[in-house]
Peer 1: 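Supplied in structure tokens, the structure appears directly below.
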Amino acid sequence: MWLIDLASGRMAQISKNWRVIHPMNGHFSADGKNIVFMGSQSGVHDWDIFLTTFDGQRWIEPKNLTGLNGKRDEDSKFAPDGKSIIYKSDGILTQIDLSGKVLATFPTGDGEDSMPYFTPNGKEILFENNRSIKIFTDGATRTIWGGDGKHGYYPIAINNESFYFTQTQDSRCDRVMLSDYSGNAKTLFFDSPQWDSSDPYPYQNGSRYLFFVSTNRQTGFGGYDLAFADITTKKVWNLYTLNRKANTYMEELGPSWSANAP
């Protein structure tokens with residue numbers, strides 16, 4: 001797991017001395033002092049949810065919040081206030097506090113739920129279910145997008161009116177979609193049937209810039225690369241332009257952003 005400072009381009013591997021295998025899909029708390037992510041405890045091949053905190057000098061050894069329970073604990077994201085975490089535990093959306101205590105579960109009764117994300121008001125949960133994007137609100141679930149035979153997943157709320165998600169195209173390549181909560185979705189200028197665009201994450205309020213993952217061979221290095229786009233000017237940059245080590249021949253995935261991270 002790496003951090004890159006957007007102003008200076010400096011990079012740091014924060015997971016270098018952690019006893020965690022495959023740390024991925026990190027997400028910042030609102031104050032930027034905590035990162036929650038999924039990974040496996042060293043010596044144990046079991047997906048769990050981990051929390052690391054910045055102690056003023058470094059990101060400390062992560063705490064395993066879900067323990068060795070034999071379940072697939074994945075897709076963790078902070079609530080907007082940073083006081084709790086939502087994730088998938090064997091296909092059931094589960095909310096815990098920062099000590100790992102279960103606060104609530106949100107079973108929908110419709111198979112496996114995954115990739116949950118709170119709306120900014122903290123009152124609703126976006127998630128993927130049965131290849132569609134759904135929302136849990138006021139104790140009920142409704143489908144926002146789906147039903148056209150394509151696969152939608154990884155919803156990320158921008159504000160209380162709109163969100164990004166990833167959709168699989170007829171070409172079997174992914175693309176990033178922008179939608180309101182009524183399901184009026186549209187494509188973005190950088191999407192293509194020839195390569196994958198996925199894992200969107202808004203910069204600031206998401207009105208102009210977003211980070212995403214791309215397999216565009218015209219600008220990339222092979223495999224998945226991190227990129228960012230200017231929606232206004234319709235320009236895309238590989239994160240390589242900030243630091244030549246930001247993208248490699250390996251897979252760079254799961255971007256997140258914080259204005260308050262140290």
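The basis for the numbers below is simple: all heavy atoms, side chains too, and nothing from hydrogens, waters or symmetry mates. What you see is a predicted model; the values in this text were computed from it and never measured. Residue indices begin at 1 and follow the sequence shown.
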Peer 1: What heavy-atom pair brings N69 and D46 nearest, and what distance separates the two atoms?
Peer 2: N-OD2, 3.9 Å
Peer 1: Within the distance-only criterion (no hydrogens, no angle test), does the side chain of N247 pair as donor or acceptor with the backbone N or O of L226 below 3.5 angstrom?
Peer 2: yes
Peer 1: Measure centre to centre between the rings of Y203 and W257, then say whether the value is under 6.0 Å.
Peer 2: yes
Peer 1: Provide the full list of ring-ring contact (aromatic ring centres under 6.0 Å, His included) pairs with a residue in residues 64-99, sequence neighbours left out, each pair given once.
Peer 2: none
Peer 1: Enumerate the salt bridge (charged side-chain N to carboxylate O under 4.0 Å, His left out) contacts for residues 114-124, please, sequence neighbours excluded, ordered by first and then second residue.
Peer 2: none
Peer 1: Suppose clustering is done on Ile, Leu, Val, Met, Phe, Trp and Tyr with side-chain heavy atoms closer than 4.5 Å. Which residues sit in the same group as L103?
Peer 2: none
Peer 1: Please determine, by modelled atom types, if S198 and D174 share a side-chain donor-acceptor pair under 3.5 angstrom.
Peer 2: no
Peer 1: To the nearest 0.5 Å, how far apart are OG1 in T66 and CD in Q41?
Peer 2: 9.5 Å
Peer 1: Would you say that I35 contacts F54 through its side chain, given a criterion of any heavy-atom pair below 4.5 Å between the two side chains?
Peer 2: no
Peer 1: Would a distance-only check, ignoring hydrogens and angles, find a side-chain to backbone donor-acceptor pair under 3.5 Å from S182 to N184?
Peer 2: no
Peer 1: Within a 6.0 Å radius of atom CZ on R142, are there more than 12 heavy atoms belonging to other residues, nucleotides or ligands?
Peer 2: yes
Peer 1: Nearest 0.5 Å please: distance from the CZ atom of R175 over to the OG1 atom of T187.
Peer 2: 6.0 Å
Peer 1: Do you reckon M24 sits in the same ILVMFWY cluster as Y153, going by side-chain contacts under 4.5 Å, direct or chained?
Peer 2: no
Peer 1: Could you tell me whether the side chain of L65 reaches within less than 4.5 Å of the side chain of D48, counting heavy atoms only?
Peer 2: no
Peer 1: Do the side chain of S162 and the main chain of D180 share a donor and acceptor less than 3.5 angstrom apart?
Peer 2: no
Peer 1: How close do S89 and T94 get, counting heavy atoms only, and between which atoms?
Peer 2: CB-OG1, 3.7 Å
Peer 1: Applying side-chain hydrogen bond (donor to acceptor under 3.5 Å, both in side chains) as the test, list every pair that has at least one member in residues 100-112; sequence neighbours left out.
Peer 2: K88-E112, T108-D113, D110-K134
Peer 1: Using side-chain heavy atoms (C-beta onward) and a distance below 4.5 Å, is P116 in contact with F136?
Peer 2: no
Peer 1: Under 3.5 Å, is there a donor-acceptor pair between the side chain of T166 and the main chain of Y154?
Peer 2: no
Peer 1: Using the test ring pair (Phe, Tyr, Trp, His ring centres under 6.0 Å), find all partners of F163 that sit at least two apart in sequence or belong to another chain.
Peer 2: F165, Y181
Peer 1: By the rule that ILVMFWY residues connect when side-chain heavy atoms come within less than 4.5 angstrom, directly or transitively, which residues belong alongside I92?
Peer 2: none
Peer 1: Tell me whether L253 is reachable from F211 by hopping between hydrophobic residues (I, L, V, M, F, W, Y) whose side-chain heavy atoms are closer than 4.5 Å.
Peer 2: yes
Peer 1: State yes or no: do F118 and L126 share one hydrophobic cluster built from I, L, V, M, F, W and Y residues joined by side-chain heavy-atom distances below 4.5 Å, directly or via other members?
Peer 2: no
Peer 1: Which atom pairs, one a donor and one an acceptor, fall under 3.5 Å between side chains of residues 15-22 and the rest of the protein, sequence neighbours left out?
Peer 2:
{"from": "S15", "atom 1": "OG", "to": "M1", "atom 2": "N", "distance (Å)": "2.8"}
{"from": "W18", "atom 1": "NE1", "to": "I14", "atom 2": "O", "distance (Å)": "3.2"}
{"from": "W18", "atom 1": "NE1", "to": "W59", "atom 2": "O", "distance (Å)": "3.3"}

Peer 1: Would you say that C173 contacts Q194 through its side chain, given a criterion of any heavy-atom pair below 4.5 Å between the two side chains?
Peer 2: no
Peer 1: Where do S207 and N205 land on the side-chain hydrogen bond (donor to acceptor under 3.5 Å, both in side chains) test, with the steps shown first?
Peer 2: CA-CA 6 Å; S207 63; N205 63 7; 2.7 Å; yes
Peer 1: Nearest 0.5 Å please: distance from the NZ atom of K77 over to the CD atom of Q95.
Peer 2: 15.0 Å
Peer 1: Which heavy atom in S29 sits nearest to a heavy atom in S258, and how many Å separate them?
Peer 2: O-OG, 4.5 Å
Peer 1: Tell me, please, which residues at least two apart from K83 pass side chain to side chain contact (heavy atoms under 4.5 Å, CB included).
Peer 2: D81
Peer 1: State, without any angle test, whether S214 and D225 hold a side-chain donor-acceptor pair at a distance under 3.5 Å.
Peer 2: no
Peer 1: Would M38 end up clustered with V36 when hydrophobic side chains under 4.5 Å apart are linked, directly or stepwise?
Peer 2: yes
Peer 1: Would W145 and K150 satisfy side-chain contact (heavy atoms from CB on, under 4.5 Å), going step by step from the backbone distance to the final call?
Peer 2: CA-CA 10 Å; W145 179 92; K150 296 182 174 64; 4.0 Å; yes
Peer 1: Once rounded to the nearest 0.5 Å, what's the spacing between atom OG of S256 and atom CG of N25?
Peer 2: 9.5 Å
Peer 1: Under 4.5 Å between any side-chain heavy atoms of N121 and P80, yes or no?
Peer 2: no
Peer 1: Look at the side chain of N159 and the backbone N and O of E161, then say whether any donor-acceptor pair between them is shorter than 3.5 Å.
Peer 2: yes
Peer 1: Under a 4.5 Å side-chain heavy-atom rule over Ile, Leu, Val, Met, Phe, Trp and Tyr, are F212 and Y164 clustered together?
Peer 2: yes
Peer 1: Just checking, any donor-acceptor pair under 3.5 angstrom between side chains of N130 and S132?
Peer 2: no
Peer 1: With side-chain contact (heavy atoms from CB on, under 4.5 Å) as the criterion, how do W2 and Q13 come out once you've worked through the C-alpha distance, each side chain's angles and the decisive distance to 0.1 Å?
Peer 2: CA-CA 4 Å; W2 294 79; Q13 185 184 353; 3.7 Å; yes
Peer 1: Among residues two or more places apart or on two chains, list those pairs meeting salt bridge (charged side-chain N to carboxylate O under 4.0 Å, His left out) that have a residue in residues 181-201.
Peer 2: none
Peer 1: Determine the minimum heavy-atom distance between I156 and P202, stating which atoms define it.
Peer 2: CG2-CD, 3.6 Å
Peer 1: Let me know which of E128, Q167, Q169 forms a side-chain hydrogen bond (donor to acceptor under 3.5 Å, both in side chains) with H151.
Peer 2: E128
Peer 1: With rounding to the nearest 0.5 Å, note down the distance linking NZ in K71 to CD1 in I49.
Peer 2: 12.5 Å
Peer 1: With rounding to the nearest 0.5 angstrom, report the CH2 to CG distance, W237 to L242.
Peer 2: 10.0 Å
Peer 1: Side chains of residues 227-236: which donor-acceptor pairs under 3.5 Å do they make with residues two or more places apart or in other chains?
Peer 2:
{"from": "D230", "atom 1": "OD1", "to": "R208", "atom 2": "NE", "distance (Å)": "3.0"}
{"from": "D230", "atom 1": "OD1", "to": "T232", "atom 2": "N", "distance (Å)": "2.9"}
{"from": "D230", "atom 1": "OD1", "to": "T233", "atom 2": "N", "distance (Å)": "3.1"}
{"from": "D230", "atom 1": "OD2", "to": "R208", "atom 2": "NE", "distance (Å)": "3.0"}
{"from": "D230", "atom 1": "OD2", "to": "R208", "atom 2": "NH2", "distance (Å)": "2.9"}
{"from": "D230", "atom 1": "OD2", "to": "T233", "atom 2": "OG1", "distance (Å)": "3.1"}

Peer 1: Please find the pair of heavy atoms, one from N160 and one from P120, that lie closest to each other, and give the distance.
Peer 2: OD1-CD, 3.3 Å
Peer 1: Measuring only between side-chain heavy atoms, which start at C-beta, is V213 closer than 4.5 Å to P255?
Peer 2: yes
Peer 1: Can you list the residues that meet the side chain to side chain contact (heavy atoms under 4.5 Å, CB included) rule with N243, with sequence neighbours excluded?
Peer 2: I4, M11, K245, A246
Peer 1: Using the side-chain contact (heavy atoms from CB on, under 4.5 Å) rule, take V176 and F190 through it: C-alpha gap first, then chi angles, then the decisive distance, then the call.
Peer 2: CA-CA 9 Å; V176 175; F190 54 81; 4.1 Å; yes
Peer 1: Which residues satisfy the ring pair (Phe, Tyr, Trp, His ring centres under 6.0 Å) test with F28, sequence neighbours excluded?
Peer 2: none
Peer 1: Over all heavy atoms of both residues, which pair between N260 and A30 is shortest? Give the atoms and the distance, please.
Peer 2: ND2-O, 2.9 Å
